[in-house]
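One-based numbering, in listed order, for ligands and for the atoms of each. Computed from heavy atoms alone, side chains included, the values below leave out hydrogens, waters and symmetry copies.
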Amino acid sequence: MLATLLAPAAHAATWSLFGQPPLEPPVATYRATSGDLPPQAYAELPAWLAARQRLPSINMLGGNYWLVAPLQTPDDDAEWVVTFDNTYYRRANLVILGDDGSRQRLEAGRGIDTNVMLRGTVPTTLRSGHRYAVVIQVTSPFFTALPRIDLQTREAYRRRLTNESALMLTSLGVLGGLGVFILFVGLWTRVLSYTLYGCQSLILMAGWASFFGLPADWFGMGDSVVNFTLWFILVPVVHAPFTVRFLELKRHAPRATRIGYGIAIVSALAVPVAMLLPSMAFLIATIAVTSVVFYSASVSIWALLSGIRQARFFVLAYVCVLVPGAIILPVNFGLMHSPVDNADLLTLMGNSGEAMLLAFALADHMKLVQAARERFRQGMQDAIARASTDPLTGLGNRLAFNMRIEEITRRSSTPSPLVGGAWQIAMIDLDGLKQINDNEGHERGDALLQAAARELARLPCQGHAYRLGGDEFAVIAFGDELSQHRLTYALSQLDHQLREYGFLASGLSFGICGSKPGEDLDSSDVAAMAREADRMMYEHKSRRRSPSAGGREAQAEIER
Ligand SMILES: Nc1nc2c(ncn2[C@@H]2O[C@H](COP(=O)(O)OP(=O)(O)OP(=O)(O)O)[C@@H](O)[C@H]2O)c(=O)[nH]1
């Protein structure tokens with residue numbers, strides 16, 4: 001369908017990224033056999049052509065071909081560049097024949113030092129007023145698109161090449177830079193989806209660099225025919241699991257998860273097939289990349305519609321690859337002539353745009369994870385606060401008391417920030433709560449507990465009050481001996497205050513046990529202190545209950 005839509009564009013003028021596109025003479029295709037020689041002179045060309053079988057087009061699955069095109073000489077003399085491009089091939093032999101009797105034999109392809117990098121290209125001189133033809137012999141296990149022969153002035157070619165190279169290197173830099181950075185982030189934070197994304201970006205960079213012949217041009221590295229296709233076949237192996245993990249499809253869409261892993265497994269299995277059948281390598285790579293792009297694009301649209309927030313930038317990212325993909329795919333399948341002059345470069349730029357948007361998606365994901373973590377932390381804090389607070393009095397409960405004791409025990413081995421390093425535990429029990437409950441009602445009993453709690457919370461000591469349960473309270477106070485006396489006095493006063501507040505049957509008993517300044521206490525020492533305070537409190541209670549003079553004297557003593 002895409003081919004049908006774009007076919008008219010192919011017959012119209014070719015669109016170029018940089019100004020005027022080059023002249024594109026019509027190309028005639030002929031089958032070549034091994035040992036076949038090109039014509040020796042321009043005059044021989046008609047007979048040479050007549051002796052050969054003309055083909056409608058090349059076969060995308062490769063072969064040995066002659067391509068012939070007339071080179072229209074414009075009026076002015078100029079240095080010209082003939083490029084044989086728009087497709088993948090390793091080497092091609094070009095012969096340029098002129099009716100002035102000239103014959104130039106040239107070679108184009110990868111790693112040839114033509115002084116114009118990145119393209120199979122040869123500069124030539126065409127004189128005005130003469131007719132020329134270029135005869136090209138090319139053998140390739142596959143073609144990535146219909147080959148094109150372009151003719152342009154050396155100056156125009158240099159300008160285009162500079163611009164195209166700048167764009168190509170920038171796009172490769174984006175893929176490489178993002179790939180390395182996100183790979184580090186993924187490995188460091190141990191988030192598999194980031195690691196997979198980093199790998200994918202680097203694989204894409206390697207694939208495109210290899211497609212444009214950079215390893216051969218820069219490092220003289222041998223260029224196997226399936227080199228770049230293998231990189232592209234590997235893309236779905238990491239991209240599909242990346243999509244599955246990033247969009248959390250396991251949880252949201254188990255069937256889409258199975259399809260994603262299926263694409264990854266089939267692509268991995270396709271690698272040896274491509275190595276064994278080089279003519280199929282490019283077709284396999286195209287199918288692998290197309291399927292993973294369509295898969296990821298459709299699940300991300302579904303995820304966005306289902307309200308999965310991290311899908312936002314995902315959808316935009318696939319728009320970036322699908323737009324050039326819509327142009328290049330029908331071209332790759334040999335269904336149409338490329339409507340754009342720089343389809344491969346456009347696709348590479350689409351890929352780097354996709355990489356940037358996916359990086360945005362990752363950044364957005366980090367933000368979402370951070371916000372979720374903050375909500376979780378806040379929730380935990382609220383839950384701990386609720387679990388450690390007594391709802392009736394608002395004081396800390398037994399859990400809060402235990403946590404505070406643990407904290408003090410932990411701190412006691414380090415220099416204490418507390419006054420004098422000494423502290424006290426006071427155990428307090430209200431008297432007569434049951435009686436008040438029974439005689440005046442539960443609400444009145446609650447009111448007694450609240451009144452006691454309110455007063456305990458504002459005792460004139462540095463510390464905190466807790467309700468341990470029922471009518472039992474505790475105070476942890478920090479300070480020296482003097483402050484312990486102040487605490488004792490304040491609790492004795494509270495005994496009277498409760499009665500002044502109208503709780504006539506009430507009062508309180510308490511026991512206080514304190515540590516010595518600078519004393520190192522472990523948890524068993526603290527438990528012993530609490531037990532001792534408890535014992536003293538019961539002793540106090542029984543003395544208060546005793547009507548004897550001894551009891552009253554003891555009471556007076558403790559109050560002093
Ligand atoms: N109103 C009210 N009563 C409670 C609450 N929690 C426990 N109680 C009651 O408080 C009473 C405590 O009984 P006791 O331990 O005998 O206390 P008391 O009457 O003060 O006697 P002693 O503590 O032995 O001096 C029980 O009847 C509990 O049911 C509460 O939150 N509100």
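- Taking 4.0 Å as the cut-off between side-chain N and carboxylate O, E455 and R458 count as a salt-bridged pair.
- Short contacts between ligand 1 and G445, defined as distances under 4.0 Å to a heavy atom of the residue, involve ligand atoms 1 (N).
- Atoms CG and CG, on L234 and L202 in that order, are 12.5 Å from each other to the nearest 0.5 Å.
- One finds the OH atom of Y466 at 12.0 Å from the CD1 atom of I428 (value rounded to the nearest 0.5 Å).
- The nearest heavy-atom contact from the protein to atom 25 (O) of ligand 1 is K541 NZ, 2.7 Å.
- The shortest N/O to N/O separation between G432 and ligand 1 falls below 3.5 Å.
- Near G470, with a cut-off below 4.0 Å to any heavy atom, the atoms of ligand 1 are 6 (N), 7 (C).
- Ligand 1 lies less than 4.0 angstrom from a heavy atom belonging to R467.
- Taking the six-membered ring where tryptophan is involved, the planes of F478 and W423 are tilted, since the angle between them lies from 30° to 60°.
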- prompt: So W231 and F228, ring-ring contact (aromatic ring centres under 6.0 Å, His included) or not? Walk me through it.
  reply: CA-CA 5 Å; W231 288 114; F228 81 88; over 10 Å; no
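- The shortest N or O to N or O distance between L430 and ligand 1 is under 3.5 Å.
- With respect to atom 13 (O) of ligand 1, the closest heavy atom belonging to the protein is K434 CB, 3.8 Å.
- For atom 9 (C) of ligand 1, the closest non-hydrogen atom of the protein is N437 ND2, 3.4 Å.
- Using a 4.0 Å threshold on non-hydrogen atoms, atom 2 (C) of ligand 1 counts as touching the protein.
- Close approach of ligand 1 to D471 (heavy-atom distance below 4.0 Å) involves ligand atoms 15 (O), 17 (O), 18 (P), 20 (O), 23 (O).
- Closest protein heavy atom to atom 32 (N) of ligand 1: D446 OD1, 2.7 Å.
- Heavy-atom separations between R444 and ligand 1 are all 4.0 Å or longer.
- Nearest to atom 30 (C) of ligand 1 among the protein's heavy atoms is L449 CD1, 3.4 Å.
- Distances between N or O atoms of Q435 and those of ligand 1 include no value under 3.5 Å.
- To the nearest 0.5 Å, the span separating CG on L172 from CZ on F212 amounts to 7.5 Å.
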- request: Kindly determine whether Y295 and H239 satisfy ring-ring contact (aromatic ring centres under 6.0 Å, His included), including the steps that lead there.
  value: CA-CA 10 Å; Y295 166 75; H239 190 88; 8.6 Å; no
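- Atom 24 (O) of ligand 1 has as its closest protein heavy atom R545 NH2, 3.0 Å.
- Looking at ligand 1, you'll find an N or O of L433 within less than 3.5 Å of one of its N or O atoms.
- Protein heavy atoms are absent from the space less than 4.0 angstrom from atom 28 (C) of ligand 1.
- The NZ atom of K541 sits 3.5 Å away from the CG atom of D429 when rounded to the nearest 0.5 Å.
- A donor-acceptor pair shorter than 3.5 Å cannot be found between the side chains of H252 and S306.
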field: Working for ring-ring contact (aromatic ring centres under 6.0 Å, His included), residues F211 and F282
entry: CA-CA 11 Å; F211 176 82; F282 183 68; 7.6 Å; no
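- Contacts between E443 and ligand 1 below 4.0 angstrom, taking non-hydrogen atoms only, are absent altogether.
- Every atom of ligand 1 with a heavy atom of D431 under 4.0 Å away is listed here by number and element: 20 (O), 25 (O).
- The two atoms that bring V299 and A256 nearest to each other are CG1-CB, 3.9 Å, heavy atoms only.
- Rounding to the nearest 0.5 angstrom, the gap separating the CG atom in L169 from the CG atom in L348 is 9.5 Å.
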